[in-house]
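Report on one structure; see the data block that follows.
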Amino acid sequence: MRWLKPKLTSSFYAIFSVSHSASQPPAVAVTGVGMEDIREAMLALAAMDNDERALAVTRRIRYAADLEALWYIRGELMGLLARTHGEAVAREMLEDLSVLFTDLLPRGLRSRPSPLSGGYRASRPGSDE
């Protein structure tokens, strides 16, 4: 009995590999911001701290395969920045970063208005602001 037949091996590796469509062009928004621009902005924010946690986040940013991976790394970056600069400053930095993702992600991954922001409260029916 052969367990590692060529087709079985290739299908086993296919489960654990990351595939990218060769026919799909890299994502670039109408504004001209691309994945590498976002990656560089995230690396610049992560470089503000030089401990081991910052190096791990930097490594994840550098080797992220796609925009969705970069989108999810924002949470780790937020934690890193909040520890160093405080939560309010970190949130402002990440809001500027989130703008770069505009029109590059599927609709379900875009940021929704926060109930804590003034713009959200003003848009609610029955608000007096």
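- A continuous path of Ile, Leu, Val, Met, Phe, Trp and Tyr side chains, each step under 4.5 Å between heavy atoms, connects Ile38 with Tyr72, placing both in one hydrophobic cluster.
- Linking Ile, Leu, Val, Met, Phe, Trp and Tyr residues whenever their side-chain heavy atoms come within less than 4.5 Å leaves Val99 and Met78 in two separate clusters.
- Taking CZ from Arg62 and CG from Leu55, the interatomic distance works out to 9.5 Å, rounded to the nearest 0.5 Å.
- The two residues Ala69 and Ala64 make their nearest non-hydrogen contact at CB-CB, 3.9 Å.
- The side-chain heavy atoms of Ile73 and Met42, taken from C-beta on, include a pair separated by under 4.5 Å.
- Asp96 places no side-chain N or O within 3.5 Å of a backbone atom of Met93 that could act as its donor or acceptor partner.
- One finds the CG atom of Leu77 at 9.0 Å from the CE atom of Met48 (value rounded to the nearest 0.5 Å).
- Taking OG1 from Thr84 and CZ from Arg53, the interatomic distance works out to 8.5 Å, rounded to the nearest 0.5 Å.
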Report task. Take Arg91 and Glu87 through the salt bridge (Lys or Arg N to Asp or Glu O under 4.0 Å) test and state the conclusion after the steps. Result -> CA-CA 6 Å; Arg91 184 177 170 131; Glu87 189 174 346; 5.9 Å; no
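- Between Ile61 atom CD1 and Leu45 atom CG the span is 8.0 Å, to the nearest 0.5 Å.
- Phe101 has its side chain within reach of Leu70: a pair of non-hydrogen atoms, C-beta onward, lies under 4.5 Å apart.
- The CE atom of Met35 sits 13.5 Å away from atom CG of Leu100, with the distance rounded to the nearest 0.5 Å.
- Between Tyr63 and Arg39, the shortest heavy-atom distance links the atoms N-NH1, 4.1 Å.
- Contact annotation: the side chain of Asp51 approaches that of Leu80 to within less than 4.5 Å [non-hydrogen atoms, C-beta and beyond].
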